[in-house]
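Structure first, then comments.
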There are 4 protein chains.
Amino acid sequence: MSSTTRERIIDEAMHLFSEHGYAATSVAKIEAAAGLTAGAGGLYHHFTTKEAVLAAGIERQLSRLDALREIRRVLMPLGDRKAELTLIARYILAELDSESELLRILASEARNRPQMLSTAVDQLVNSTFEGFATWIGELADGQIPSEAARAIAVLGLGSLLSSRLLRDVLGAPFPVEDETLLSTWVQLMSATLDDFASRAGA
Amino acid sequence: MSSTTRERIIDEAMHLFSEHGYAATSVAKIEAAAGLTAGAGGLYHHFTTKEAVLAAGIERQLSRLDALREIRRVLMPLGDRKAELTLIARYILAELDSESELLRILASEARNRPQMLSTAVDQLVNSTFEGFATWIGELADGQIPSEAARAIAVLGLGSLLSSRLLRDVLGAPFPVEDETLLSTWVQLMSATLDDFASRAGA
Amino acid sequence: MSSTTRERIIDEAMHLFSEHGYAATSVAKIEAAAGLTAGAGGLYHHFTTKEAVLAAGIERQLSRLDALREIRRVLMPLGDRKAELTLIARYILAELDSESELLRILASEARNRPQMLSTAVDQLVNSTFEGFATWIGELADGQIPSEAARAIAVLGLGSLLSSRLLRDVLGAPFPVEDETLLSTWVQLMSATLDDFASRAGA
Amino acid sequence: MSSTTRERIIDEAMHLFSEHGYAATSVAKIEAAAGLTAGAGGLYHHFTTKEAVLAAGIERQLSRLDALREIRRVLMPLGDRKAELTLIARYILAELDSESELLRILASEARNRPQMLSTAVDQLVNSTFEGFATWIGELADGQIPSEAARAIAVLGLGSLLSSRLLRDVLGAPFPVEDETLLSTWVQLMSATLDDFASRAGA
DNA sequence: AATGAATGAGATTTCATTCAT
DNA sequence: TATGAATGAAATCTCATTCAT
């Protein structure tokens, strides 16, 4: 069960990091939470450094993310744009929710440990963005200039992302139900795409 | 150095808090940055506690925010909806930019010090949201149900907010120019409002 | 060095507390005296707080005191009152001497930390008093009113106690030899008891 | 009113020293209690050092003691030994009560600052003792050996002193009323003196 | 693999004292 | 004479990390 202890350490560490922050989480507390004796240094049989625990935790989350993204390709082609938008929104929210711990850690620590966390930010945010921007570009191909497609993607994703950042990172009581948020988002995106299309057609 | 020591302490502390986080900023570093001897405790002649410095800094930012908001009322009535949306967007981005330090601090610390920072989050985010939601509600009065108006406001603000959270909090290289972002946002909001209006008219 | 680190810490701390006072004894000095690196906080692996060291030290002294008191019951019945008084006095002085460290600490700190030290004062002083008062009451039973018996006990014990308080707490050069003190005390108590008895007999 | 501030500083300092101990009483607290601004160093216009305040306070108490002792000579010759003993006891208790603050300070600090406080201890305790011992010696002159007279004096004074040390220094709830204590003490001393006298007569 | 113990470094905070005003 | 501000030194306590067992 040597690998189990390692996993437990990562689990509990990510939990504590996201709840109290990296600096405020002592190695002793991680050990205690993982079932080891607090302060006895048992963690160091599995990781060289406290920071290595964070790195391993983030890596693990990212690989889970990769797995999740495999699914994305399967989801796409539905024919109906609104249905597709709904599916995309649901998928994005689900992804953000499954990564809320990571999100909180990134929000707290990204500025202090850029070399280690920039990859994570990139994968969590930017790669999602690229996929979405490409999809919008392909959707009405030629009709929407790529710069505009990128801007639409950024605004569309951003509006969903911010709902989670507000709730999970800033702890603000969010003022709208998820279902309303989702259907409004679909309408908003669909109206925008139509608008751009009609403008290009004119 | 015409400013008070107290002011300098707040300035430098907010700077350091936003750059390195609250926990990673020692009192000694704040003292050094404020021109006092590091580690001599000179800060404690002006504040009872390290946390009191944070509290004072946030209070000061919030009162600046209040001042900024006085302007908002003057800005509004332009007759042209797109012009108004452009103005709103510019104003919101400007506000967020002038509070980027506060934003970073809130993102790092809101979960650890909720009792102290919840007011700040509220004022920075929620009150802006309320104003915007009301404006949308009034704009096409009766035509957009209030629940939908709130959702549109949340998505519209969120898309602008997230551009700043990504850049300032997560440190992600933002993929779209501000001007493009702004004009696309105006089109997006305007298309959405038209869409809702035509739907209500039908 | 056959003793535990924990024991050594208590030993040295009580030493230093009694010599220089609680406040004037820094944790670093205790660590150094106990063979740990000064200022490294090694003490905190054994005690949560500097005050906890004092508490443990006092508790240990009190349990030694309890052990010592077991003997008292064996000592008593001798038949000869003067012999008994001599024995009692010797025992009381021996007890006070074996607790002189505790006595000094109590004298310095009892007013500042009442909740922690009141038990100790009680056990060290009051319980001895109760035993002595009872003995006097039984000795000439019925002949000495209980209020007077208590007063005699308090004065008798107090005169012995003050010899130690003067020497150990106030550091006054004590003007009488122990042997003289003791024999005079026996005569004093014995004369007093006789006086009360003859008064009751009249 | 320059002397008034000085007096106030001494007053409040002695108060605080006796209540919380010398080390636990900061200069800032003394200043505040004396009506000066805390931490502004106003105390240093009147004393060179925190320790100088203690020295001045003790000196002042000692000169008050001297004044009190002037009265002693007037009190003495009454002819009736029991009446004299009562008077002496009353006087000693009154003196101890008027010096209870000093007593507490001496008990806490005598071991840390011997050079400064030994004089005070000497005057407060030993000189009273010398007077009493002499009186006993003179009383039954020749009949009581001087060594025994000293021992009786030490025990008699000690029994009164300890009642005040227990109450004021150790904070122990004292188990006997003052009136009972006093009358019992008179009986005890008188019985003892009689006993010695009869022994010498035989 | 886990633990008890130790340590160097550093964090927050307090404080006696000084000095220009 | 009193004050606001500053400072060197030290105090309590925390912590990441190491090591013998």
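Sequence lines set the chain letters: A, B, ... in the order given, protein chains first and strands last, and positions in each chain run from 1.
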Exercise for the section: Scan C:Leu43 against the nucleic acid and name what it touches under 4.0 Å (heavy atoms): base, sugar-phosphate only, or nothing. Expected result: nothing
Handout entry: Net bend of the helix from E:dA2-F:dT21 to E:dT21-F:dA2, end axes of five pairs each, nearest 10 degrees
Key = 10°
Completion exercise
Taken to the nearest whole Å, CZ/B:Arg8 to C1'/F:dA5 is 11 Å
When the side chains of residues 42-59 of chain C are checked against the rest of the protein, which donor-acceptor pairs come out under 3.5 Å, sequence neighbours left out?
{"residue": "C:Lys50", "atom": "NZ", "partner": "C:Tyr22", "partner atom": "O", "Å": "2.9"}
{"residue": "C:Lys50", "atom": "NZ", "partner": "C:Thr25", "partner atom": "O", "Å": "2.9"}

Fill in the blank from the handout: residues 27-37 of chain B vs salt bridge (Lys or Arg N to Asp or Glu O under 4.0 Å), sequence neighbours excluded, gives none
Problem - Distance, rounded to the nearest Å, where C:Ile30 contributes CD1 and E:dA6 contributes P - result: 15 Å
Practice task
Check whether any side-chain N or O of B:His46 sits under 4.0 Å from OP1 or OP2 of F:dG4, and answer yes or no.
Solution key: no
Practice task
Write down the atom of B:Ala120, the atom of B:Leu106, and the distance for their closest heavy-atom approach.
Solution key: CB-CD2, 3.9 Å
Exercise for the section: Report yes or no: does A:Arg111 contribute a side-chain atom to a donor-acceptor pair with the main-chain N or O of B:His20 at less than 3.5 Å? Expected result: no
Exercise for the section: Would you check, one step at a time, whether the test side-chain contact (heavy atoms from CB on, under 4.5 Å) holds for A:Met14 with A:Ile10? Expected result: CA-CA 6 Å; A:Met14 293 298 277; A:Ile10 296 181; 4.2 Å; yes
Problem - Residue pair D:Ala38 / D:Ala28: nearest heavy atoms and the distance that separates them - result: CB-O, 3.6 Å
Practice task
Could you tell me which non-hydrogen atom of A:Asn112 sits nearest to which non-hydrogen atom of B:Gly21, and how far apart they are?
Solution key: OD1-N, 4.1 Å
Problem - With C:Asp11 via side-chain hydrogen bond (donor to acceptor under 3.5 Å, both in side chains) - residues at least two apart - result: C:Arg60
Handout entry: Ion pair check, C:Arg104 and C:Glu19, cut-off under 4.0 Å
Key = yes
Practice task
Please determine, for the side chain of A:Leu36, which listed nucleotide (F:dT3, E:dA2, E:dA6) has the closest atom?
Solution key: E:dA2
Problem - Gap separating the CG atom of D:Leu36 from the CD1 atom of D:Ile9, nearest 0.5 angstrom - result: 5.5 Å
Practice task
Let me know the distance between CG of D:Leu54 and C1' of E:dA16, rounded to the nearest Å.
Solution key: 15 Å
Fill in the blank from the handout: Contact check, residues 10-20 of chain B vs DNA chain F, heavy-atom distance under 4.0 Å, returns none
Problem - Shortest non-hydrogen contact from B:Glu101 toward B:Ser18 - result: CG-OG, 3.1 Å
Practice task
Assign a letter to each nucleotide of nucleotides 13-18 of chain F from its 5' end: B, base within under 4.0 Å of a protein heavy atom; S, sugar-phosphate only; -, no contact.
Solution key: BBBSBB
